[in-house]
Amino acid sequence: MSAQQASPFGIDIRGLTHRYGAKTALDEVSFSIRRGSFCALLGPNGAGKSTLFALMTRLFVANQGHIKIGGVDLAEQPRRALARMGVVFQQPTLDLDLTVQQNMHYYAALQGISRKRATTRIAETLKRLDMDERASEKVRALNGGHRRRMEIARALLHEPQVLLLDEPTVGLDTRTRQAITQHVHDLVQDTGLTVLWATHLTDEVRADDQLVVLHEGRVVADGVCAVIRGKETLNDAFARLTGQSKARNA
Amino acid sequence: MGALRAMVAIIAREALRFFMQRSRFIAALVRPLVWLIVFAAGFRAALGLSITAPYQTYITYEIYIVPGLCGMIQLFNGMQSSLSLVYDREMGSMRLLLTSPQPRWWLLLSKLLAGTLISIMQVYAFLLIAYFIGIDFPALGYVAVLPALIISGLMLGALGLLLSSTIRQLENFAGVMNFVIFPMFFLSTALYPLWKMAEASTLLRDICAFNPFTHAVELIRFALYLEWNPWALTWVMLAFAMFLAGSILGYDPGKALIMRKAR
(Lines give C-alpha, C1' and ligand atoms only; values in the text may rest on other atoms or scores of the structure.)
Protein backbone atom coordinates (compact mmCIF):
# COMPACT_ATOMS: atom_id res chain seq x y z
CA MET A 1 0.00 0.00 0.00
CA SER A 2 2.65 2.50 1.05
CA ALA A 3 4.76 1.51 -1.94
CA GLN A 4 1.78 2.23 -4.19
CA GLN A 5 1.17 5.60 -2.61
CA ALA A 6 4.86 6.41 -2.88
CA SER A 7 4.95 5.83 -6.62
CA PRO A 8 5.67 9.21 -8.19
CA PHE A 9 3.89 8.19 -11.38
CA GLY A 10 0.24 8.39 -12.21
CA ILE A 11 0.80 6.15 -15.20
CA ASP A 12 3.76 3.86 -15.60
CA ILE A 13 4.08 1.67 -18.67
CA ARG A 14 6.95 -0.79 -19.01
CA GLY A 15 7.93 -2.91 -21.99
CA LEU A 16 4.44 -3.14 -23.42
CA THR A 17 4.34 -5.35 -26.50
CA HIS A 18 1.24 -6.49 -28.30
CA ARG A 19 0.71 -8.40 -31.53
CA TYR A 20 -2.38 -9.16 -33.57
CA GLY A 21 -1.32 -12.39 -35.21
CA ALA A 22 1.82 -11.57 -37.12
CA LYS A 23 1.35 -7.81 -36.95
CA THR A 24 3.10 -6.04 -34.08
CA ALA A 25 0.87 -3.20 -32.92
CA LEU A 26 2.99 -2.14 -29.95
CA ASP A 27 6.68 -2.87 -29.62
CA GLU A 28 8.38 -2.49 -26.23
CA VAL A 29 6.49 0.67 -25.35
CA SER A 30 7.68 2.28 -22.12
CA PHE A 31 6.92 5.70 -20.69
CA SER A 32 5.70 7.17 -17.45
CA ILE A 33 3.74 10.23 -16.46
CA ARG A 34 4.33 12.01 -13.16
CA ARG A 35 1.36 12.49 -10.91
CA GLY A 36 -0.36 15.77 -11.62
CA SER A 37 0.94 16.28 -15.11
CA PHE A 38 -0.48 16.45 -18.60
CA CYS A 39 0.95 14.11 -21.19
CA ALA A 40 0.03 14.28 -24.85
CA LEU A 41 0.30 11.06 -26.79
CA LEU A 42 0.86 12.05 -30.38
CA GLY A 43 0.83 9.62 -33.24
CA PRO A 44 -0.47 9.30 -36.76
CA ASN A 45 -3.38 6.97 -37.45
CA GLY A 46 -2.31 3.38 -37.07
CA ALA A 47 0.57 4.23 -34.74
CA GLY A 48 -0.85 2.01 -32.01
CA LYS A 49 -2.77 4.60 -29.96
CA SER A 50 -6.01 2.62 -30.08
CA THR A 51 -4.28 -0.56 -29.05
CA LEU A 52 -2.59 1.24 -26.19
CA PHE A 53 -5.95 2.60 -25.01
CA ALA A 54 -7.58 -0.80 -25.32
CA LEU A 55 -4.82 -2.29 -23.16
CA MET A 56 -4.95 0.53 -20.62
CA THR A 57 -8.72 0.20 -20.24
CA ARG A 58 -8.33 -3.59 -20.04
CA LEU A 59 -10.44 -4.40 -23.05
CA PHE A 60 -7.79 -7.04 -23.45
CA VAL A 61 -4.43 -7.91 -21.98
CA ALA A 62 -1.03 -7.26 -23.56
CA ASN A 63 1.22 -10.10 -24.65
CA GLN A 64 4.05 -8.63 -22.60
CA GLY A 65 4.76 -5.73 -20.28
CA HIS A 66 3.12 -3.89 -17.42
CA ILE A 67 0.74 -1.02 -16.93
CA LYS A 68 0.49 0.69 -13.57
CA ILE A 69 -2.25 3.14 -12.74
CA GLY A 70 -1.54 5.22 -9.67
CA GLY A 71 0.97 2.56 -8.61
CA VAL A 72 -1.46 -0.35 -9.05
CA ASP A 73 -0.65 -3.02 -11.62
CA LEU A 74 -3.55 -3.42 -14.03
CA ALA A 75 -2.85 -7.12 -14.57
CA GLU A 76 -2.51 -7.97 -10.88
CA GLN A 77 -5.32 -5.90 -9.41
CA PRO A 78 -7.49 -4.94 -12.38
CA ARG A 79 -10.47 -3.74 -10.39
CA ARG A 80 -8.43 -1.49 -8.11
CA ALA A 81 -6.54 -0.09 -11.04
CA LEU A 82 -9.75 0.55 -13.01
CA ALA A 83 -11.29 2.32 -10.03
CA ARG A 84 -8.41 4.82 -10.14
CA MET A 85 -9.02 5.63 -13.76
CA GLY A 86 -11.52 7.75 -15.66
CA VAL A 87 -11.81 7.31 -19.42
CA VAL A 88 -13.20 9.44 -22.21
CA PHE A 89 -13.46 7.34 -25.33
CA GLN A 90 -13.23 8.54 -28.87
CA GLN A 91 -16.67 7.09 -29.58
CA PRO A 92 -19.45 8.96 -27.81
CA THR A 93 -20.79 6.99 -24.87
CA LEU A 94 -23.72 9.14 -23.81
CA ASP A 95 -27.28 7.92 -24.23
CA LEU A 96 -28.82 10.66 -26.32
CA ASP A 97 -32.39 9.90 -25.30
CA LEU A 98 -31.66 9.96 -21.60
CA THR A 99 -31.27 13.15 -19.61
CA VAL A 100 -27.98 14.65 -18.53
CA GLN A 101 -28.68 13.54 -14.99
CA GLN A 102 -29.66 10.00 -15.94
CA ASN A 103 -26.44 9.59 -17.90
CA MET A 104 -24.45 10.79 -14.93
CA HIS A 105 -26.22 8.51 -12.48
CA TYR A 106 -25.71 5.50 -14.71
CA TYR A 107 -21.97 6.05 -14.73
CA ALA A 108 -21.81 6.75 -11.00
CA ALA A 109 -23.59 3.46 -10.29
CA LEU A 110 -21.24 1.57 -12.61
CA GLN A 111 -18.43 2.92 -10.48
CA GLY A 112 -20.22 1.79 -7.33
CA ILE A 113 -20.86 5.28 -5.94
CA SER A 114 -23.82 5.42 -3.56
CA ARG A 115 -26.93 7.16 -4.82
CA LYS A 116 -26.68 9.86 -2.18
CA ARG A 117 -23.07 10.66 -2.86
CA ALA A 118 -23.65 10.51 -6.60
CA THR A 119 -26.47 13.04 -6.33
CA THR A 120 -24.21 15.48 -4.50
CA ARG A 121 -21.27 14.95 -6.84
CA ILE A 122 -23.44 15.30 -9.93
CA ALA A 123 -25.02 18.51 -8.68
CA GLU A 124 -21.56 19.97 -7.96
CA THR A 125 -20.23 18.87 -11.31
CA LEU A 126 -23.12 20.31 -13.29
CA LYS A 127 -22.88 23.56 -11.40
CA ARG A 128 -19.20 23.81 -12.20
CA LEU A 129 -19.97 23.27 -15.88
CA ASP A 130 -22.77 25.85 -15.71
CA MET A 131 -25.13 23.12 -16.77
CA ASP A 132 -27.23 22.76 -13.64
CA GLU A 133 -30.25 24.17 -15.40
CA ARG A 134 -29.98 21.57 -18.10
CA ALA A 135 -29.81 18.57 -15.79
CA SER A 136 -33.16 17.19 -16.87
CA GLU A 137 -32.73 17.90 -20.56
CA LYS A 138 -32.03 15.07 -22.94
CA VAL A 139 -28.42 14.84 -24.06
CA ARG A 140 -29.65 15.05 -27.65
CA ALA A 141 -30.43 18.72 -27.00
CA LEU A 142 -26.80 19.54 -26.13
CA ASN A 143 -24.20 20.62 -28.67
CA GLY A 144 -21.02 18.64 -29.34
CA GLY A 145 -18.89 20.74 -27.03
CA HIS A 146 -21.26 20.40 -24.10
CA ARG A 147 -21.54 16.67 -24.63
CA ARG A 148 -17.78 16.27 -24.53
CA ARG A 149 -17.44 18.43 -21.43
CA MET A 150 -20.11 16.35 -19.82
CA GLU A 151 -18.30 13.15 -20.68
CA ILE A 152 -15.13 14.51 -19.15
CA ALA A 153 -16.98 15.59 -16.02
CA ARG A 154 -18.67 12.22 -15.82
CA ALA A 155 -15.34 10.40 -16.07
CA LEU A 156 -14.27 12.33 -12.97
CA LEU A 157 -17.33 11.55 -10.83
CA HIS A 158 -15.57 8.79 -8.91
CA GLU A 159 -12.56 11.07 -8.31
CA PRO A 160 -9.99 9.03 -10.17
CA GLN A 161 -6.28 9.80 -10.02
CA VAL A 162 -5.83 9.33 -13.72
CA LEU A 163 -7.84 10.51 -16.71
CA LEU A 164 -7.39 8.94 -20.13
CA LEU A 165 -8.77 10.72 -23.18
CA ASP A 166 -8.71 9.15 -26.62
CA GLU A 167 -8.85 11.88 -29.29
CA PRO A 168 -11.44 13.79 -27.25
CA THR A 169 -11.78 16.70 -29.66
CA VAL A 170 -12.64 14.75 -32.79
CA GLY A 171 -15.50 16.38 -34.66
CA LEU A 172 -15.48 19.64 -32.69
CA ASP A 173 -14.92 23.13 -34.10
CA THR A 174 -11.67 24.98 -33.40
CA ARG A 175 -13.01 27.18 -30.62
CA THR A 176 -14.59 24.31 -28.76
CA ARG A 177 -11.44 22.26 -29.27
CA GLN A 178 -9.35 24.99 -27.66
CA ALA A 179 -11.79 25.42 -24.81
CA ILE A 180 -11.74 21.72 -24.00
CA THR A 181 -7.96 21.49 -24.23
CA GLN A 182 -7.78 24.47 -21.87
CA HIS A 183 -10.34 22.92 -19.53
CA VAL A 184 -8.36 19.70 -19.11
CA HIS A 185 -5.11 21.59 -18.59
CA ASP A 186 -6.86 23.57 -15.86
CA LEU A 187 -8.01 20.35 -14.23
CA VAL A 188 -4.41 19.14 -14.08
CA GLN A 189 -3.34 22.44 -12.58
CA ASP A 190 -6.14 22.71 -10.04
CA THR A 191 -6.72 19.13 -8.94
CA GLY A 192 -3.43 17.32 -9.45
CA LEU A 193 -4.99 14.89 -11.90
CA THR A 194 -2.73 12.86 -14.16
CA VAL A 195 -3.86 13.10 -17.77
CA LEU A 196 -2.99 11.07 -20.85
CA TRP A 197 -4.40 12.83 -23.90
CA ALA A 198 -4.14 10.99 -27.22
CA THR A 199 -4.35 13.07 -30.35
CA HIS A 200 -3.00 13.48 -33.84
CA LEU A 201 -3.38 17.26 -33.75
CA THR A 202 -0.18 19.06 -32.83
CA ASP A 203 -1.87 22.32 -31.86
CA GLU A 204 -3.41 20.66 -28.81
CA VAL A 205 0.01 20.17 -27.22
CA ARG A 206 1.58 22.95 -25.17
CA ALA A 207 5.26 23.75 -24.84
CA ASP A 208 5.51 22.58 -21.23
CA ASP A 209 3.42 19.43 -21.65
CA GLN A 210 5.03 16.06 -21.59
CA LEU A 211 4.97 14.64 -25.10
CA VAL A 212 5.20 11.00 -26.15
CA VAL A 213 5.34 10.38 -29.87
CA LEU A 214 4.22 6.97 -31.01
CA HIS A 215 5.06 5.74 -34.49
CA GLU A 216 4.53 2.26 -35.88
CA GLY A 217 4.09 0.85 -32.41
CA ARG A 218 7.25 2.36 -30.92
CA VAL A 219 7.94 5.39 -28.76
CA VAL A 220 10.09 7.61 -30.96
CA ALA A 221 10.22 10.59 -28.58
CA ASP A 222 9.42 11.14 -24.91
CA GLY A 223 10.09 14.39 -23.09
CA VAL A 224 8.96 17.96 -22.64
CA CYS A 225 7.35 19.21 -25.81
CA ALA A 226 9.55 22.34 -26.06
CA VAL A 227 12.69 20.22 -25.86
CA ILE A 228 11.54 17.69 -28.42
CA ARG A 229 10.58 20.25 -31.01
CA GLY A 230 13.64 22.46 -30.39
CA LYS A 231 13.59 25.31 -32.85
CA GLU A 232 11.22 23.61 -35.23
CA THR A 233 7.48 23.89 -35.06
CA LEU A 234 5.90 20.85 -33.47
CA ASN A 235 4.35 20.04 -36.83
CA ASP A 236 7.77 19.79 -38.47
CA ALA A 237 9.26 17.87 -35.57
CA PHE A 238 6.34 15.46 -35.66
CA ALA A 239 6.71 14.98 -39.39
CA ARG A 240 10.44 14.37 -38.99
CA LEU A 241 9.93 11.87 -36.17
CA THR A 242 7.29 9.91 -38.01
CA GLY A 243 8.99 10.11 -41.40
CA GLN A 244 6.10 11.95 -42.96
CA SER A 245 8.18 14.78 -44.45
CA LYS A 246 9.67 12.34 -46.90
CA ALA A 247 6.28 11.23 -47.93
CA ARG A 248 5.15 14.81 -48.33
CA ASN A 249 8.14 15.80 -50.47
CA ALA A 250 7.97 12.73 -52.64
CA MET B 1 -23.24 -3.53 -2.59
CA GLY B 2 -21.43 -1.73 -5.37
CA ALA B 3 -21.96 -4.75 -7.61
CA LEU B 4 -25.68 -4.77 -6.98
CA ARG B 5 -25.87 -1.04 -7.60
CA ALA B 6 -24.13 -1.50 -10.93
CA MET B 7 -26.52 -4.28 -11.91
CA VAL B 8 -29.57 -2.21 -11.04
CA ALA B 9 -28.17 0.72 -13.02
CA ILE B 10 -27.50 -1.43 -16.08
CA ILE B 11 -31.05 -2.77 -15.99
CA ALA B 12 -32.55 0.67 -15.35
CA ARG B 13 -30.62 2.17 -18.26
CA GLU B 14 -31.87 -0.49 -20.62
CA ALA B 15 -35.45 -0.02 -19.43
CA LEU B 16 -35.26 3.77 -19.73
CA ARG B 17 -33.80 3.56 -23.20
CA PHE B 18 -36.52 1.15 -24.17
CA PHE B 19 -39.31 3.45 -23.09
CA MET B 20 -37.64 6.40 -24.79
CA GLN B 21 -37.41 4.60 -28.10
CA ARG B 22 -41.07 4.07 -28.74
CA SER B 23 -40.48 3.08 -32.33
CA ARG B 24 -38.44 0.09 -31.19
CA PHE B 25 -41.26 -1.03 -28.94
CA ILE B 26 -43.81 -0.74 -31.69
CA ALA B 27 -41.59 -2.57 -34.18
CA ALA B 28 -41.10 -5.34 -31.64
CA LEU B 29 -44.87 -5.73 -31.35
CA VAL B 30 -45.79 -5.35 -34.99
CA ARG B 31 -43.58 -8.21 -36.13
CA PRO B 32 -45.30 -11.00 -34.15
CA LEU B 33 -48.71 -9.43 -34.67
CA VAL B 34 -48.30 -9.53 -38.42
CA TRP B 35 -47.43 -13.19 -38.14
CA LEU B 36 -50.35 -13.84 -35.89
CA ILE B 37 -52.95 -12.03 -37.92
CA VAL B 38 -51.79 -12.50 -41.50
CA PHE B 39 -49.77 -15.67 -41.49
CA ALA B 40 -51.90 -17.64 -39.08
CA ALA B 41 -55.08 -16.68 -40.90
CA GLY B 42 -53.69 -18.03 -44.15
CA PHE B 43 -52.37 -21.21 -42.67
CA ARG B 44 -55.39 -21.96 -40.63
CA ALA B 45 -57.12 -23.68 -43.50
CA ALA B 46 -54.06 -25.38 -44.89
CA LEU B 47 -52.87 -26.95 -41.69
CA GLY B 48 -54.72 -29.47 -39.63
CA LEU B 49 -53.30 -29.84 -36.17
CA SER B 50 -54.01 -32.94 -34.17
CA ILE B 51 -53.99 -32.93 -30.41
CA THR B 52 -50.50 -32.89 -28.91
CA ALA B 53 -49.45 -32.08 -25.36
CA PRO B 54 -50.04 -29.66 -23.71
CA TYR B 55 -53.27 -29.20 -25.69
CA GLN B 56 -56.24 -31.28 -24.61
CA THR B 57 -58.51 -30.46 -27.46
CA TYR B 58 -58.31 -29.36 -31.05
CA ILE B 59 -56.89 -25.89 -31.33
CA THR B 60 -56.77 -23.31 -34.04
CA TYR B 61 -53.48 -22.43 -35.66
CA GLU B 62 -53.50 -18.97 -34.08
CA ILE B 63 -53.39 -20.52 -30.67
CA TYR B 64 -50.63 -22.86 -31.70
CA ILE B 65 -48.22 -20.20 -32.90
CA VAL B 66 -48.56 -17.72 -30.01
CA PRO B 67 -45.84 -19.38 -27.86
CA GLY B 68 -43.58 -19.50 -30.91
CA LEU B 69 -44.13 -15.80 -31.48
CA CYS B 70 -43.32 -15.09 -27.83
CA GLY B 71 -40.09 -16.94 -28.47
CA MET B 72 -39.57 -14.92 -31.64
CA ILE B 73 -39.84 -11.66 -29.70
CA GLN B 74 -37.19 -12.89 -27.31
CA LEU B 75 -34.99 -14.19 -30.11
CA PHE B 76 -35.02 -10.84 -31.91
CA ASN B 77 -34.52 -9.00 -28.69
CA GLY B 78 -31.62 -11.18 -27.59
CA MET B 79 -29.83 -10.70 -30.88
CA GLN B 80 -30.58 -7.00 -31.00
CA SER B 81 -29.54 -6.05 -27.50
CA SER B 82 -26.37 -8.09 -27.58
CA LEU B 83 -25.31 -7.33 -31.10
CA SER B 84 -25.97 -3.63 -30.74
CA LEU B 85 -22.92 -3.83 -28.49
CA VAL B 86 -20.65 -4.41 -31.43
CA TYR B 87 -22.18 -1.91 -33.79
CA ASP B 88 -20.16 1.28 -33.84
CA ARG B 89 -22.97 3.22 -32.30
CA GLU B 90 -22.89 1.16 -29.12
CA MET B 91 -19.24 0.15 -29.01
CA GLY B 92 -18.40 3.13 -26.84
CA SER B 93 -21.07 2.23 -24.28
CA MET B 94 -19.80 -1.32 -24.09
CA ARG B 95 -16.26 -0.13 -23.50
CA LEU B 96 -17.52 2.25 -20.87
CA LEU B 97 -19.34 -0.62 -19.20
CA LEU B 98 -16.20 -2.73 -19.20
CA THR B 99 -14.19 -0.03 -17.40
CA SER B 100 -16.45 -0.46 -14.38
CA PRO B 101 -14.46 -1.92 -11.51
CA GLN B 102 -17.01 -4.73 -11.09
CA PRO B 103 -16.09 -8.25 -12.21
CA ARG B 104 -16.58 -8.63 -15.92
CA TRP B 105 -18.80 -11.73 -15.76
CA TRP B 106 -21.08 -9.81 -13.43
CA LEU B 107 -21.34 -6.92 -15.87
CA LEU B 108 -22.17 -9.30 -18.70
CA LEU B 109 -24.78 -11.09 -16.61
CA SER B 110 -26.34 -7.74 -15.69
CA LYS B 111 -26.48 -6.82 -19.35
CA LEU B 112 -28.22 -10.13 -20.08
CA LEU B 113 -30.76 -9.64 -17.32
CA ALA B 114 -31.49 -6.16 -18.62
CA GLY B 115 -32.14 -7.47 -22.13
CA THR B 116 -34.30 -10.28 -20.78
CA LEU B 117 -36.43 -7.88 -18.80
CA ILE B 118 -37.09 -5.81 -21.92
CA SER B 119 -38.05 -8.89 -23.91
CA ILE B 120 -40.46 -9.99 -21.18
CA MET B 121 -42.22 -6.63 -21.24
CA GLN B 122 -42.59 -7.00 -25.00
CA VAL B 123 -43.97 -10.52 -24.65
CA TYR B 124 -46.58 -9.44 -22.13
CA ALA B 125 -47.65 -6.53 -24.32
CA PHE B 126 -48.01 -9.02 -27.18
CA LEU B 127 -50.02 -11.46 -25.04
CA LEU B 128 -52.28 -8.61 -24.01
CA ILE B 129 -53.04 -7.69 -27.61
CA ALA B 130 -53.54 -11.36 -28.44
CA TYR B 131 -56.03 -11.53 -25.58
CA PHE B 132 -58.02 -8.69 -27.05
CA ILE B 133 -58.23 -10.39 -30.41
CA GLY B 134 -59.59 -13.46 -28.72
CA ILE B 135 -56.55 -15.65 -28.12
CA ASP B 136 -56.36 -16.34 -24.43
CA PHE B 137 -54.75 -18.79 -22.05
CA PRO B 138 -55.59 -20.01 -18.54
CA ALA B 139 -55.36 -17.01 -16.20
CA LEU B 140 -52.64 -18.58 -14.10
CA GLY B 141 -50.73 -19.43 -17.26
CA TYR B 142 -49.83 -15.77 -17.59
CA VAL B 143 -48.07 -16.02 -14.24
CA ALA B 144 -46.53 -19.44 -14.81
CA VAL B 145 -45.00 -18.30 -18.08
CA LEU B 146 -42.87 -15.67 -16.34
CA PRO B 147 -40.11 -18.00 -15.09
CA ALA B 148 -40.10 -19.73 -18.48
CA LEU B 149 -39.65 -16.36 -20.19
CA ILE B 150 -36.81 -15.44 -17.86
CA ILE B 151 -34.89 -18.61 -18.66
CA SER B 152 -35.54 -18.51 -22.39
CA GLY B 153 -34.73 -14.79 -22.53
CA LEU B 154 -31.43 -15.36 -20.75
CA MET B 155 -30.57 -18.24 -23.05
CA LEU B 156 -31.26 -16.27 -26.23
CA GLY B 157 -29.52 -13.17 -24.89
CA ALA B 158 -26.46 -15.25 -24.00
CA LEU B 159 -26.41 -16.60 -27.54
CA GLY B 160 -26.37 -13.05 -28.87
CA LEU B 161 -23.61 -12.09 -26.47
CA LEU B 162 -21.57 -15.09 -27.53
CA LEU B 163 -21.98 -14.19 -31.19
CA SER B 164 -21.12 -10.56 -30.50
CA SER B 165 -17.82 -11.54 -28.90
CA THR B 166 -16.72 -14.16 -31.37
CA ILE B 167 -18.12 -13.95 -34.85
CA ARG B 168 -16.85 -11.06 -36.85
CA GLN B 169 -18.97 -11.62 -39.92
CA LEU B 170 -22.14 -11.05 -37.96
CA GLU B 171 -21.58 -7.37 -37.43
CA ASN B 172 -24.64 -6.34 -39.33
CA PHE B 173 -28.15 -7.30 -38.56
CA ALA B 174 -28.91 -8.70 -42.02
CA GLY B 175 -26.28 -11.37 -41.48
CA VAL B 176 -27.76 -12.24 -38.14
CA MET B 177 -31.23 -12.45 -39.67
CA ASN B 178 -30.10 -14.83 -42.38
CA PHE B 179 -27.75 -17.04 -40.47
CA VAL B 180 -29.14 -17.06 -36.96
CA ILE B 181 -32.68 -15.78 -36.54
CA PHE B 182 -34.31 -17.37 -39.60
CA PRO B 183 -32.75 -20.84 -39.24
CA MET B 184 -33.46 -20.89 -35.52
CA PHE B 185 -37.03 -19.76 -35.94
CA PHE B 186 -38.02 -21.85 -38.95
CA LEU B 187 -36.24 -24.99 -37.80
CA SER B 188 -38.14 -25.08 -34.56
CA THR B 189 -41.58 -25.95 -33.25
CA ALA B 190 -42.60 -22.30 -33.36
CA LEU B 191 -44.64 -22.75 -36.54
CA TYR B 192 -45.26 -26.50 -36.78
CA PRO B 193 -45.17 -29.27 -34.23
CA LEU B 194 -42.42 -31.86 -34.46
CA TRP B 195 -44.63 -34.56 -35.93
CA LYS B 196 -45.57 -32.26 -38.77
CA MET B 197 -41.87 -31.72 -39.47
CA ALA B 198 -41.33 -35.47 -39.38
CA GLU B 199 -43.85 -35.87 -42.20
CA ALA B 200 -41.56 -33.77 -44.37
CA SER B 201 -38.24 -35.29 -43.35
CA THR B 202 -36.79 -36.99 -40.32
CA LEU B 203 -33.58 -35.01 -40.67
CA LEU B 204 -35.58 -31.80 -40.41
CA ARG B 205 -37.33 -33.21 -37.39
CA ASP B 206 -34.00 -34.08 -35.74
CA ILE B 207 -32.61 -30.62 -36.39
CA CYS B 208 -35.72 -29.11 -34.82
CA ALA B 209 -35.46 -31.38 -31.83
CA PHE B 210 -31.85 -30.35 -31.34
CA ASN B 211 -32.45 -26.62 -31.75
CA PRO B 212 -32.48 -24.97 -28.31
CA PHE B 213 -35.03 -22.47 -29.58
CA THR B 214 -37.51 -25.34 -29.99
CA HIS B 215 -37.15 -26.08 -26.31
CA ALA B 216 -37.51 -22.44 -25.37
CA VAL B 217 -40.78 -22.34 -27.32
CA GLU B 218 -42.03 -25.59 -25.77
CA LEU B 219 -41.11 -24.37 -22.31
CA ILE B 220 -43.20 -21.25 -22.91
CA ARG B 221 -46.03 -23.27 -24.48
CA PHE B 222 -46.26 -25.72 -21.59
CA ALA B 223 -45.97 -22.99 -18.96
CA LEU B 224 -48.86 -21.09 -20.56
CA TYR B 225 -51.03 -24.17 -19.91
CA LEU B 226 -49.59 -24.65 -16.43
CA GLU B 227 -47.82 -27.80 -17.52
CA TRP B 228 -44.37 -28.86 -16.54
CA ASN B 229 -41.83 -29.70 -19.22
CA PRO B 230 -38.61 -30.81 -17.50
CA TRP B 231 -36.99 -31.96 -20.74
CA ALA B 232 -37.34 -28.55 -22.39
CA LEU B 233 -36.24 -26.85 -19.19
CA THR B 234 -33.08 -28.96 -19.03
CA TRP B 235 -32.26 -28.24 -22.66
CA VAL B 236 -32.74 -24.49 -22.27
CA MET B 237 -30.73 -24.36 -19.05
CA LEU B 238 -27.94 -26.36 -20.62
CA ALA B 239 -27.85 -24.12 -23.67
CA PHE B 240 -27.85 -21.04 -21.42
CA ALA B 241 -24.92 -22.38 -19.39
CA MET B 242 -22.96 -23.11 -22.55
CA PHE B 243 -23.67 -19.78 -24.22
CA LEU B 244 -22.92 -17.84 -21.05
CA ALA B 245 -19.64 -19.66 -20.46
CA GLY B 246 -18.74 -19.05 -24.09
CA SER B 247 -19.45 -15.34 -23.90
CA ILE B 248 -17.58 -14.89 -20.63
CA LEU B 249 -14.65 -16.55 -22.34
CA GLY B 250 -15.20 -14.37 -25.41
CA TYR B 251 -15.03 -11.22 -23.32
CA ASP B 252 -12.14 -12.41 -21.18
CA PRO B 253 -9.41 -9.80 -21.60
CA GLY B 254 -6.74 -12.51 -21.49
CA LYS B 255 -8.31 -14.59 -24.23
CA ALA B 256 -8.42 -11.55 -26.46
CA LEU B 257 -11.27 -12.71 -28.67
CA ILE B 258 -12.62 -9.17 -28.66
CA MET B 259 -9.22 -7.77 -29.52
CA ARG B 260 -9.99 -7.09 -33.16
CA LYS B 261 -12.95 -4.93 -32.20
CA ALA B 262 -10.58 -2.23 -31.02
CA ARG B 263 -8.84 -1.92 -34.33
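The sequence lines fix the lettering, A, B, ..., with proteins before strands; numbering per chain opens at 1. Values below: all heavy atoms of this structure, side chains included; hydrogens, waters and symmetry mates excluded.
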**OP:** Locate the shortest heavy-atom distance separating Arg104(B) from Leu59(A); write the atom from each residue and the value.
**Re:** NH1-O, 3.5 Å
Subject >> Minimal non-hydrogen separation, Thr99(B) against Gln111(A), with atom names >> reply: O-NE2, 4.0 Å
**OP:** Below 4.5 Å from any heavy atom of chain A, which atoms of Ile10(B) appear? Answer side chain, backbone, both or neither.
**Re:** both
**OP:** Heavy atoms only, distances under 4.5 angstrom: which of Ser114(A), Pro78(A), Ala83(A) has the most pairs with chain B? Name it, please.
**Re:**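 Among the listed options, the one with the most contacts to chain B is Ser114(A).
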Side chain from CB out, backbone as N, CA, C, O: work out which of these in [X] comes under 4.5 Å of a heavy atom of chain B, or both, or neither.
X         : answer
Tyr106(A) : both
Leu55(A)  : neither
Leu98(A)  : side chain
Gln90(A)  : neither

How about [atom1] on [X], more than 12 heavy atoms from neighbouring residues, nucleotides or ligands closer than 6.0 Å, or not?
X         : atom1 : value
Arg14(A)  : CZ    : yes
His183(A) : NE2   : yes
Phe186(B) : CZ    : yes
Lys49(A)  : NZ    : yes
Arg134(A) : CZ    : yes
Met237(B) : CE    : no
Met242(B) : CE    : no

Subject >> Candidate pair Arg154(A) and Leu96(B), rule side-chain contact (heavy atoms from CB on, under 4.5 Å), full reasoning >> reply: CA-CA 11 Å; Arg154(A) 188 178 62 165; Leu96(B) 186 78; 3.6 Å; yes
Subject >> Donor-acceptor pair, side chain of Arg5(B) and main chain of Ala109(A), under 3.5 angstrom >> reply: no
**OP:** Supply the atom-to-atom distance Leu96(A) CG to Met20(B) CE, rounded to the nearest 0.5 angstrom.
**Re:**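 Rounded to the nearest 0.5 Å, the CG-CE separation comes out at 12.5 Å.
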Original post:
Do Leu110(A) and Arg13(B) come close enough that some side-chain heavy atom pair is under 4.5 Å?
Top reply: no
**OP:** For each of Ser100(B), Ser110(B), Pro101(B), tally heavy-atom pairs with chain A at distances under 4.5 Å, and name the one with the top tally.
**Re:**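 It is Pro101(B).
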